[in-house]
Amino acid sequence: MLLYFFYFFLYLAMVALAILDIWLLIKLIEYLYCAFVLHQPPFVPSNKKLRQLIAREINLHYPNTQRICEIGSGHGGLVRYIARHTRARVYGIENMPWAILNAKFFGMFCPRAYTIWMDAFEYLGMQDQPFDVAIAYLSPAFTQKLTRYGNCFRVLISIDFECAGKTPRRVIDLGRGYTRYMGKKYPHRLYIYEFGPDQK
C-alpha cells in the first residue's frame with residue numbers, strides 16, 4: 001500500500017514538473033517573440049520596493065486619483081498592487097497573450113484591477129479623457145515615445161528611464177538595484193512627470 005502512495009506522489013511531482021516546463025517554455029517563446037519580432041522591451045517585473053514607492057507617491061501627491069494605467073503591464077503584478085494600495089481603478093495595458101492570460105486570471109481576485117489586451121499606444125490614442133496617472137517600466141526609446149502622448153495622462157511615473165528634454169517634477173532614488181538594458185545599467189529610480197499647459 002505504501003508503495004502505491006509513493007508512485008502516486010511521484011506521478012503528481014512529474015505532472016507538476018511538466019506543467020512548470022511548459023509554463024517556462026511559453027514564457028521563453030513570448031520573451032523571444034517580444035524582443036526579436038515585435039522589437040519591444042520584454043517584460044521585467046518591478047520589485048516590491050518600487051511598487052511601494054509608486055503607491056506612496058500616488059497617495060501622497062495625487063490623493064484624488066481615480067484612473068491609473070500601466071503601460072506594458074505584463075502579468076499584472078504592479079497593477080494589482082496599486083489597485084490594493086490606492087483608491088483608484090487601475091488598468092493594465094498589454095499585448096502579449098500569455099501575460100494577458102495570467103493577468104486576467106489573477107485579476108479576478110483583485111477589485112479595481114483590469115487588464116486590456118491591446119497595443120498600449122493604440123489604446124491611449126482611443127481615450128476620450130486622460131488618465132490621472134500613467135505608470136511605465138519600458139525602455140529608453142519607448143519611454144521617450146510616451147512624451148508624445150502627454151494629452152492622454154496628467155502624470156507619468158516612469159521606472160528607471162527618464163524622458164530626455166522634459167524636466168521631471170520629482171526624482172525618487174531607490175538607493176539600490178538597477179535595470180540592465182542593452183548592456184547599460186539604469187539605477188532604480190522613479191521619474192515623475194506632470195503634463196499640462198504650464199509644464200515643460
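Ring centroids of Y114 and Y91 are separated by less than 6.0 Å, placing the two rings close together.
Nearest heavy atom pair, residue V171 against residue P168, reads CG2-CG, 3.6 Å. G72 approaches L138 most closely through the heavy-atom pair CA-CD2, 4.5 Å. Here the closest heavy-atom approach between residue A136 and residue L146 is recorded as CB-CD1, 3.5 Å. Minimum heavy-atom separation, Y178 to P187: CB-CA, 3.9 Å. Minimum interatomic distance between H85 and N59 (heavy atoms only, all atoms of both residues): O-ND2, 2.8 Å.
No donor-acceptor pair closer than 3.5 Å links the side chain of R189 to the backbone N or O of I172. R51 contributes no side-chain N or O that, together with a main-chain N or O of I82, makes up a donor-acceptor pair within less than 3.5 Å. For the pair S73 (side chain) and G76 (backbone), a donor-acceptor distance under 3.5 Å is absent. Of the possible donor and acceptor atoms, one in the side chain of Q127 sits under 3.5 Å from a partner among the backbone N and O of Y123. Checking side-chain atoms of R84 against main-chain N and O of P111 turns up no donor-acceptor pair under 3.5 Å. Of the possible donor and acceptor atoms, one in the side chain of E94 sits under 3.5 Å from a partner among the backbone N and O of M96.
Residues satisfying the side-chain hydrogen bond (donor to acceptor under 3.5 Å, both in side chains) test with Y81, not counting sequence neighbours, are none. The side-chain hydrogen bond (donor to acceptor under 3.5 Å, both in side chains) search around N64 returns none, not counting sequence neighbours. Residues satisfying the side-chain hydrogen bond (donor to acceptor under 3.5 Å, both in side chains) criterion with R56, sequence neighbours excluded, are absent altogether. Residues meeting the salt bridge (Lys or Arg N to Asp or Glu O under 4.0 Å) test with R89, sequence neighbours left out: none.
For the pair K166 and Y193, the cation-pi criterion (under 6.0 Å, within 45° of the ring axis) is not fulfilled. A cation-pi geometry, defined here as NZ or CZ lying under 6.0 Å from the six-membered ring centre and within 45° of its normal, does not hold between R154 and F195.
Taking the side chain as every heavy atom from C-beta outward, Y62 and D132 never approach each other to under 4.5 Å. Taking the side chain as every heavy atom from C-beta outward, I71 and I135 never approach each other to under 4.5 Å. Looking at L156 and Y191, their side chains never come closer than 4.5 Å, going by heavy atoms from C-beta outward. Residues K49 and R176 are in side-chain contact: their nearest non-hydrogen atoms beyond the backbone lie under 4.5 Å apart. Side chains of C152 and F131 form no contact here, defined as non-hydrogen atoms less than 4.5 Å apart. In this structure the side chain of Y137 reaches within 4.5 angstrom of the side chain of T179, judged on heavy atoms. Two residues are said to be in side-chain contact when any heavy atoms from C-beta on lie closer than 4.5 Å; C69 and I93 meet this criterion. F142 has its side chain within reach of F121: a pair of non-hydrogen atoms, C-beta onward, lies under 4.5 Å apart.
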Donor-acceptor contacts, no H, no angles, side chain residues 103-110, under 3.5 Å, sequence neighbours left out:
residue	atom	partner	partner atom	Å
K104	NZ	T115	O	3.0

Q: Could you please spell out the steps behind the side-chain contact (heavy atoms from CB on, under 4.5 Å) verdict for L174 and N47?
A: CA-CA 11 Å; L174 183 62; N47 65 44; 4.1 Å; yes
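Note that CD1 of I192 is 7.5 Å distant from NE2 of H61, once rounded to the nearest 0.5 Å. To the nearest 0.5 Å, the span separating CD on E57 from OG1 on T86 amounts to 13.0 Å. Atom CD1 of I157 and atom CZ of R170 lie 8.0 Å apart (nearest 0.5 Å). Separating the NE2 atom in H75 from the CZ atom in R80 is a distance of 9.5 Å, to the nearest 0.5 Å. Atom CD1 of I54 is separated from atom CG of L78 by 5.0 Å, given to the nearest 0.5 angstrom.
The side-chain hydrogen bond (donor to acceptor under 3.5 Å, both in side chains) contacts involving residues 141-152 comprise nothing, where partners must be two or more places apart or lie in separate chains.
Grouping the Ile, Leu, Val, Met, Phe, Trp and Tyr side chains by contacts below 4.5 angstrom, directly or via other members, places Y186 with M182.
When only modelled atom types and interatomic distance are considered, D160 and H188 share a side-chain donor-acceptor pair under 3.5 Å.
Under a cut-off of 6.0 angstrom, the local environment of CD in Q66 is sparse, with at most 12 non-hydrogen atoms contributed by other residues, nucleotides or ligands.
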